[in-house]
Structures are given as C-alpha cells and as structure tokens.
Amino acid sequence: MGAKMINPLRGMKDLIFEDSQKFVHIVTTAIKISKNYGYSYIEIPILEETALFKRSVGESSDIVGKEMYQFQDKGDNDVCMRPEGTAGIVRAFISNKLDRQDSTFRFYYYGPMFRYERPQKGRLRSFHQFGCESFGEASVYEDFMIICMIKDIFNALDINFALKINSLGCKDCMPPYRVKLVSFLSDIKDELCEDCKRRIDINPIRVLDCKIERCQSMLCNSPKLIDNLCEVCDSDFEKLKSLLDSVNIEYECDTNLVRGLDYYNKTAFEFISSEIGSQSAIAGGGRYDRLVEFLDGKSTPAIGFAIGIERIMDLVQLPQAKREGFYLGSMNEKGIENLCAISLNLVKNNKVTLEYKVKSLKSHLKSADKIGAKIIIFIGDDELANETLWIKDLETKEEKIIRIDELEFS
RNA sequence: GUGGAUGUAGCUCAGUCGGUAGAGCACCAGUUUGUGGCACUGGUGGUCGCGGGUUCGAUCCCCGUCGUCCACCCCA
C-alpha cells in the first residue's frame, strides 16, 4: 500500500478491445496483400547497435540526432531501440549474406518502433509500422509495383489517400544538383529561418521541405532537382509516371518532397490522408540503392516503405461482428458440471463461454446475447431430470430439446 | 525542445459565486410460474490527477508537479 501507481510511459499506449482488433485487422490485411506481391515475413531484433542507425538513417536527421532511445547495456554496448524498420532489415539482409546471392528478396515486417518525441495526435513514442523492403531489383517497375501494393492495402482497408511522388536523383545527378542548390541557398541565406540556415551546411535538400511559409516563398525559384536529373533517373521517373497513369493511380509530383532519412535516392513517395490532423503521412518510402553498400554489403538496389499503423487506426472500420460460438449456462450446480464436460468438447472447434454461476434462464439469455453468442445451451431443472439439453439459436430463434448423448460436436 | 488547452464514477461530461458531488451510457439485480436485444424500477461505483499554500473549511482560489490532448517541430 502507498506505492505509487505505475502508469504507462509517456507516449506509450495499450492497444485493447476495439483498438487491438483494428490493429490485427490492419496487419492481416496488409500481410495478405504483400504475400500476394511476393513478400515473405522477416522478424528482426528491436535492439540494435546504435551505429547502425547513425550510419543508415544519418546523424543529421532528427530521428537519430535527438529522438533515439539509446543506452549502454550491461555489456557496455552502445545500443538503441529501433526508431524505424529499414536499417535493421538491411543489416539482417547483409548479416545473412543474402547480398552475395544475385537474386531478389522481398520482405514484409511489422512491429513497434521507438522515438523519443513529444506525443500528439498520430505521434507516439512507441508506435507500430507495417513495412516492406525489396532487395536486388533496380527496375522502376518495382517502384511502380510497390506503390500499387500500398494502394491495394489502403483500398482494402477503405482508406482515402493522396499520393505524392518525387525523384531524389542518384549518385550521378544528386551531387552536382546539391552544389547548385547550396549556391542558390547561400545567396538568400539571410532571408531564411534559423533551421534552414543550419540545414544549408548539414543537409541542404531538407531546406526544400521547410514548413515555414516565408522560406517556401523564397524557394519557388530554387533550382529543382527534377530539372537536373541525369538521363537514367529522368527516364525512370517518366516511366513511373506513365505506369501510374496507365492504371489510373492519381498522384502529385512534389519537387519538395524529400524523405527525412538520408538513405533515400531516386523514387520517393508519400501517402497522405487529409482526415487525421497534422500528422498526415500515413505511408512513406522510396528507393535506397546505396544503403546496402553503405553498410558494408555488396552493392544491391533496394526499395521499401512503411505504413504508420496507429495513424490509420481512426480511418479503418472494423467489419461488423457476427454472432459466434456457444454460451452454456445452467439453473443448478449439477447442470454446470454436465455443461463443463460438453464445453471441453465444443471448445476444440468453437468459441465457447461457460457460465459458472447458477442463474435463471432469462439471465443466461441476457448474458449470452451480450457476449454475442450464436447458440445457447441450457440445463434447467427439467433438463437435468430428463438428461436433456435446451438449445436455442439466438439468431434464428429456433429452439430444440435433445438428449445429452445426442449432441453432436462440430 | 516551444506554445495553447485540459485533468470530477469504467466511459462521455455537468456542478458547487469555497460548506467533501450529479446525469447519461456501461455494469449488477429485479419487473411473480423457464425465453435475449426494447422499456421501467432499484443498486454497486468517486479521498473531484498528485503535492503544497490561502481559509474555520478547498473538488472549486493560488503555486508547483505529473499526465493527457492539440499545434509547432519532426515523421509513419
């Protein structure tokens, strides 16, 4: 007594009842579709060496710079709870030497991610992502297919979205563009916000993404990467657009769309919902062809995405619950004993609720109705004396009395 | 990290110009003989977030703290 109540940590939430059902519904829907697209499940550790995220996500990002759950473990290792999924999966891809095989690998995953941020709508410190990563496929068709897959997932969940796409260029066209951009930004440096001034040196591309109106207005004449793409990147981006057109997926080219993580190149995309407040990105991803090599694997093209499960939770409707299973109750102690034996047989193939308390028929019916049972099996005084069961289907209202030994278990 | 709002039953909220609280929903039980969803009646349930201060007295006023929500920022 007197001990302080233990509450969940800030920004961490229990998913229970309707929320947990939605969670499962979202994940099973996404799994089904990604399997159809050729993805298989990968499960990796939540804890990784801190260096993994520093090298892949990039130290300039806020995620790594100030939001990681990072600590020394008892073996004095510098470790960290994963703030996102891709880095760990790329590490696993390399650790398992899959980069040595000249083949294609596609993985889906889901699970908790951790970011030490200030919580708000659509932003938790412990949250869940469902994501996919595809390795070994450089074709822009893969970019297209992955966007189709996300579209299919959202359609299956009946979620509206807007799609934004961009190309971030490759190792050939990005660096020269970057030089151009830095020179442009340096000229208008004094007009930009403090964050942007800082970004010019650390990660100038991020300036394009600045939310401050004043900065945005300064940027309308900035050199656009889209106009500076090399031939391959340009033709791939055009191909992607025509493929999307061919299947009537609407999209908007957003030249300022930059992914916050350093590892992206070429195709970048974001799915936006207008119905969930300011944290409107419900899925995001893109190509990261250099990351495997960067983490000391054999150079392998790759592309992936992640969906924020909590962010779409308010957008999904649970399929309507149907009456299901059996409710067993009695008016006397001996009846409960008999029903207990029956329950053990029924439960092999059915959802079963056995009421241990002696109650009136009316009371049992109420309880059975409340838990959504389809069939009630009842033993009253008559049934006990005659060794029979009173059975009623709560949906069709059909009822019958049968001998106990006549009951079929299906 | 910054700003705004907020914290009263399991849930959604009302209320006391300072005298230790109420509704709806939910839950439980009844509405006479063994028939559910509706209706009616009754009941259980709150040290009014926590800690200090002012006061004869605080859930209400003041300060602090913690949590929650929303926005900035960041991102899924």
Side-chain angles (χ1 to χ4, degrees), chain A residues 4-13 16-18 26 30 57 60-67 82-86 110-132 150 161 193-196 199 206 209-213 257-261 264 269-273 276-286 304-313 323 327 329-332 335 357 359-376 378-384 390-395 397-399 401:
Chain A
K4 215 177 133 211
M5 258 260 276
I6 296 173
N7 290 313
L9 258 17
R10 177 158 216 205
M12 309 210 171
K13 220 162 128 181
I16 194 167
F17 299 132
E18 203 180 322
I26 289 166
V57 179
S60 69
S61 72
D62 279 9
I63 293 178
V64 170
K66 45 193 185 193
E67 295 172 0
R82 63 181 182 195
E84 57 100 44
T86 302
Y110 64 94
M113 307 294 160
F114 301 87
R115 266 125 91 157
Y116 196 89
E117 298 182 90
R118 187 90 173 258
Q120 72 180 75
K121 190 178 179 66
R123 191 171 75 184
L124 293 161
R125 287 182 175 181
S126 165
F127 61 102
H128 298 79
Q129 290 186 337
F130 177 93
C132 288
I150 301 167
F161 61 82
C193 73
E194 288 307 310
D195 280 339
C196 284
R199 287 179 187 132
R206 296 294 313 284
D209 202 28
C210 185
K211 299 292 189 299
I212 295 170
E213 222 169 285
L257 171 68
V258 295
R259 310 262 69 243
L261 289 61
Y264 288 110
F269 54 84
E270 209 164 271
F271 286 72
I272 310 285
S273 167
I276 53 168
S278 75
Q279 306 301 315
S280 59
I282 52 177
F305 75 91
I307 293 173
I309 296 179
E310 281 87 351
R311 285 205 181 158
I312 59 174
M313 209 112 93
R323 288 196 172 278
Y327 174 100
S330 176
M331 261 175 73
N332 45 61
K357 273 205 290 273
K359 293 201 287 193
S360 69
L361 173 61
K362 184 167 185 158
S363 182
H364 280 306
L365 279 163
K366 273 191 182 177
S367 305
D369 184 55
K370 202 171 61 198
I371 65 159
K374 178 165 159 51
I375 310 274
I376 177 168
F378 172 75
I379 296 181
D381 295 337
D382 296 349
E383 287 79 11
L384 187 64
W390 183 84
I391 300 174
K392 177 167 184 174
D393 186 316
L394 293 173
E395 224 164 54
K397 304 186 187 211
E398 284 170 50
E399 47 186 274
I401 292 173

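Predicted, not measured: the structure shown is a model, and the values here were computed from it. Throughout, protein chains are lettered first and strands after them, A, B, ... in sequence-line order, and every chain is numbered starting at 1.
Between the side chain of A:Arg311 and the backbone N or O of A:Ile282 there is no donor-acceptor pair closer than 3.5 Å.
You'll find the side chain of A:Leu124 stays beyond 4.5 Å of the side chain of A:Met12, heavy atoms only. The shortest distance between side-chain heavy atoms of A:Arg10 and A:Arg118 falls below 4.5 Å. Side-chain contact between A:His128 and A:Ile307: absent, with no pair of heavy atoms (C-beta onward) separated by less than 4.5 Å. You'll find the side chain of A:Pro119 reaches within 4.5 Å of the side chain of A:Arg125, heavy atoms only. Using a 4.5 Å heavy-atom cutoff, the side chains of A:Ile26 and A:Phe130 are not in contact.
Taking 3.5 Å as the limit, the base of B:A71 and the side chain of A:Arg118 contain no donor-acceptor pair of atoms between them. A donor-acceptor contact under 3.5 Å is not formed by the side chain of A:Gln120 with the base of B:C75. No N or O donor and acceptor, one from the side chain of A:Arg10 and one from the base of B:U68, sit under 3.5 Å apart. Between the side chain of A:Arg123 and the base of B:C73 there is at least one donor-acceptor pair of N/O atoms closer than 3.5 Å.
Between A:Phe305 and A:Phe269, the ring-plane angle classifies as tilted under the 30° and 60° cut-offs.
B:G1 atom P lies 6 Å from atom OH of A:Tyr116, rounded to whole Å. Look at CZ on A:Arg125: it is 18 Å from P on B:A76, rounded to the nearest Å. In this structure, A:Arg115 atom CZ and B:G1 atom P are separated by 18 Å, rounded to whole Å. Regarding A:Lys13, its NZ atom lies at a distance of 15 Å from the C1' atom of B:A76, rounded to whole Å. Distance CG (A:Leu257) to P (B:A76): 10 Å, rounded to an integer number of Å. In this structure, A:His364 atom NE2 and B:G30 atom C1' are separated by 16 Å, rounded to whole Å. At whole-Å resolution of the value, CD1 in A:Ile16 and C1' in B:C11 are 14 Å apart. Rounded to whole Å, the distance from NZ on A:Lys359 to C1' on B:C28 is 9 Å.
Dashed line: the shortest gap from a side-chain N or O of A:Ser61 to OP1 or OP2 of B:C75 is not under 4.0 Å.
Nucleic acid contact class of A:Gly122 (heavy atoms, under 4.0 Å, all strands): base. The residue A:Ala368 sits apart from the nucleic acid: no heavy atom pair falls under 4.0 Å. A:Gly85 comes within 4.0 angstrom of nothing in the nucleic acid, heavy atoms only.
Taking atom C1' on both nucleotides, B:U8 is separated from B:U68 by 15 Å, rounded to a whole Å. B:G15 and B:C48 have their C1' atoms separated by 11 Å, given to the nearest Å. Comparing the P positions of B:U47 and B:A9 gives an interatomic distance of 9 Å, to the nearest angstrom. Rounded to whole Å, the P atom of B:C73 lies 15 Å from the corresponding atom of B:G3. Straight-line distance between the C1' atoms of B:A14 and B:A23: roughly 7 Å, to the nearest whole Å. Straight-line distance between the C1' atoms of B:C50 and B:C11: roughly 22 Å, to the nearest whole Å. On the P atoms, B:C66 is 25 Å away from B:G10, given to the nearest whole Å. Annotation: B:A26 and B:C38 have their P atoms spaced 8 Å apart (nearest Å).
Screening A:Asp369, A:Leu394, A:Ile376 for a side-chain contact (heavy atoms from CB on, under 4.5 Å) with A:Tyr327, the sole residue that qualifies is A:Ile376.
When all heavy atoms of A:Ile379 and A:Leu384 are compared, the closest pair comes out as CG2-N, 3.8 Å. For A:Leu361 against A:Met331, the heavy-atom pair with the smallest separation is N-CG, 4.3 Å.
Residues A:Ser363 and A:Lys357 bring no donor and acceptor atom of their side chains to less than 3.5 Å of each other.
The 5' end of RNA chain B is approached more closely, in terms of each residue's nearest nucleotide, by A:Pro119 than by the other of A:Phe127 and A:Pro119. Across the interface with RNA chain B, nearest-nucleotide mapping of A:Leu9 and A:Arg311 shows A:Leu9 to be the residue nearer the 5′ end.
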B/S/- contact track for nucleotides 34-45 of chain B, protein heavy atom under 4.0 Å = BBBB--------
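The A:Gln279 side chain lies nearest to B:C73 when the options are B:G3, B:C69, B:C73.
For RNA chain B, if you chain together Watson-Crick or G-U pairs that step i with j, i+1 with j-1 and so on, the runs of at least three with distances under 3.5 Å are B:1-7 with B:66-72, B:10-13 with B:22-25, B:27-31 with B:39-43, B:49-53 with B:61-65.
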